[in-house]
Colleague: 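Sharing a structure below in structure tokens format, with a few things to ask.
Sequence lines set the chain letters: A, B, ... in the order given, protein chains first and strands last, and positions in each chain run from 1.
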There are 4 protein chains.
Amino acid sequence: MTFKRDKMIRWGYCDAAGIIYFPRYAELCNDLVEDLFCEALDTTLFTLTQELRLGIPFVNLNMDFLAPSILNDILEFELGITAMGRSSITFYIAARCGEEERLRATLKVAMISMDTRRAIQIDDNWRGKFAPFMSSPPTT
Amino acid sequence: MTFKRDKMIRWGYCDAAGIIYFPRYAELCNDLVEDLFCEALDTTLFTLTQELRLGIPFVNLNMDFLAPSILNDILEFELGITAMGRSSITFYIAARCGEEERLRATLKVAMISMDTRRAIQIDDNWRGKFAPFMSSPPTT
Amino acid sequence: MTFKRDKMIRWGYCDAAGIIYFPRYAELCNDLVEDLFCEALDTTLFTLTQELRLGIPFVNLNMDFLAPSILNDILEFELGITAMGRSSITFYIAARCGEEERLRATLKVAMISMDTRRAIQIDDNWRGKFAPFMSSPPTT
Amino acid sequence: MTFKRDKMIRWGYCDAAGIIYFPRYAELCNDLVEDLFCEALDTTLFTLTQELRLGIPFVNLNMDFLAPSILNDILEFELGITAMGRSSITFYIAARCGEEERLRATLKVAMISMDTRRAIQIDDNWRGKFAPFMSSPPTT
């Protein structure tokens, strides 16, 4: 199973060349992970960080910008989990407009304690929540 | 005395119309207040919020967009304090490119305790630091 | 009739004090106007600016920050039109979380020709589209 | 030779965990390339895109987040060019706070014609301008 959400390229996302300002894609990747937690894992980032005292800082973000997106394009963002380590999760993210792939990204996050700021082992409860989203990235 | 800093309209600040994306001006106003604290008041916002446990949330921001700014324009931002209340400070901000005024803003902030999240009285030490920047807004 | 949309305060909207970074409200106001055009007026900003060659730059934005919003709050944004001039439109925007009003804003935009960059008269077709959203701001 | 600029982690760059919001690093990388063009190559992005009709869209951005940065940290950003292809340039970017490396990134851009939106060959004039910044990434 993968997690999919449509995102519109808003006025404020575009740059003076009339295409998406590339750093905005990093924000859209962050938003997509937030959507996953809020909508599919039933845990808002407020609950995660303030109540459960868990954080998921980025460890690595790699983005291939395959084709430009322009104002008001609707992109389908798809997220899957390609690997779970002791304390890390690796996501792939692919964004398409119609048939055209625009962005292919991998994002690795660590699970940390917000109190110690150190990586912690992802427990079985969380592994069970993430497991349905284990998926290979699409081949294109 | 007023506080002045030059700011360049960066690539990432511009929108699909090739001019500044207006919400970025709100960020530039926030940056200017941060510059004032860091550079003129010898107190970074880290020191203010984490060590002194004081916050300065916005109460009101009013911005008149007088003329558009384009990519790589250098704007001179000028800030003065027009009023100090019991727990509030009102700034005016004017941004010019050469002779042309581009932005005229007023920004009111409150001084709060980060612990209680309530407004507190601005003490004489702070009043003394702010006093040199009391200034009337420029007439144009 | 007013135009309403829910917006979640995302991770990326919050600042080091754990509340919304105030300049983000300016972006959310911009987003709301974009939503109005895309969803209620059947005209994306791409169509407006690229095909119809019309722009709607901000003239004034006034924001009262009534109470702080925190991570993952869901705010109901409401927009109405309080005035239409020869070439300008004035919106009010109110954002609430449950019963609590968080933001009250007024936003004035001008309608311009993207070719001449000058204000133009809002024609009857557009006046007819905007008319249903004429509304007085809520009294609180 | 490498290109270095200090950047402060501003209030608006931090997230609800009190550290830099990671997507902001993508923006800081974009800013650093803009600084290189404006300050070291004597060509603003306005001149590049509007007068010379050349664009430099991102092709790939890879960022390793090595250690968190907090509010008002001053980071030294260093940029070097590791490769020049027919129409592409690959930069490395390293950001340090004191002795600690915080970010290690590689950024590949293409040179395109703003008129055709197609990649073009980087000419000898530009190669000459970029050549002094050819550099191996620091080993850490």
Side-chain angles (χ1 to χ4, degrees), chain B residues 5-21 23-58 61 68-75 77 97-98 107 109 112 114 117, chain D residues 5-21 23-58 61 68-75 77 97-98 107 109 112 114 117:
Chain B
R5 283 298 176 274
D6 286 347
K7 308 266 180 200
M8 185 176 70
I9 304 303
R10 287 182 169 278
W11 181 261
Y13 299 0
C14 293
D15 65 16
I19 62 171
I20 192 169
Y21 174 54
R24 281 280 185 171
Y25 272 132
E27 179 153 30
L28 288 169
C29 289
N30 199 91
D31 288 351
L32 191 68
V33 171
E34 185 170 27
D35 292 339
L36 175 78
F37 274 82
C38 288
E39 299 171 24
L41 303 180
D42 275 327
T43 310
T44 67
L45 295 187
F46 181 86
T47 299
L48 188 75
T49 57
Q50 302 301 309
E51 297 173 11
L52 305 177
R53 304 296 300 157
L54 295 172
I56 47 165
F58 285 17
L61 176 62
S69 292
I70 64 170
L71 180 58
N72 295 139
D73 278 350
I74 310 283
L75 270 62
F77 277 76
C97 187
L107 170 60
V109 303
I112 65 163
M114 291 295 281
R117 300 268 166 172
Chain D
R5 284 296 175 276
D6 286 347
K7 308 265 180 199
M8 184 175 70
I9 305 302
R10 287 181 169 278
W11 181 261
Y13 299 1
C14 293
D15 65 16
I19 62 172
I20 192 170
Y21 174 55
R24 281 280 185 171
Y25 272 132
E27 178 153 30
L28 289 169
C29 289
N30 198 90
D31 287 353
L32 191 68
V33 172
E34 185 169 26
D35 292 339
L36 175 78
F37 274 82
C38 289
E39 299 172 23
L41 303 181
D42 275 328
T43 310
T44 66
L45 295 187
F46 181 86
T47 299
L48 188 76
T49 56
Q50 302 301 310
E51 296 173 11
L52 304 177
R53 304 297 299 158
L54 296 172
I56 47 166
F58 285 17
L61 176 62
S69 292
I70 63 170
L71 179 58
N72 295 139
D73 278 350
I74 310 282
L75 271 62
F77 277 76
C97 186
L107 169 61
V109 303
I112 65 163
M114 291 294 282
R117 299 268 167 173

Colleague: Tell me the residues of residues 47-54 of chain D whose non-hydrogen atoms fall below 4.5 Å from those of chain B, in number order.
Modeller: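 Residues of residues 47-54 of chain D touching chain B at under 4.5 Å: D/Thr49.
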Colleague: Are any side-chain N or O atoms of B/Asn72 and backbone N or O atoms of D/Phe46, one a donor and one an acceptor, separated by less than 3.5 Å?
Modeller: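 Such a contact is found between B/Asn72 side chain and D/Phe46 backbone.
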Colleague: Which residues in residues 30-38 of chain D have any heavy atom lying under 4.5 Å from a heavy atom of chain B?
Modeller: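 Listed by number, the contacting residues are D/Asn30, D/Asp31, D/Glu34, D/Asp35, D/Cys38.
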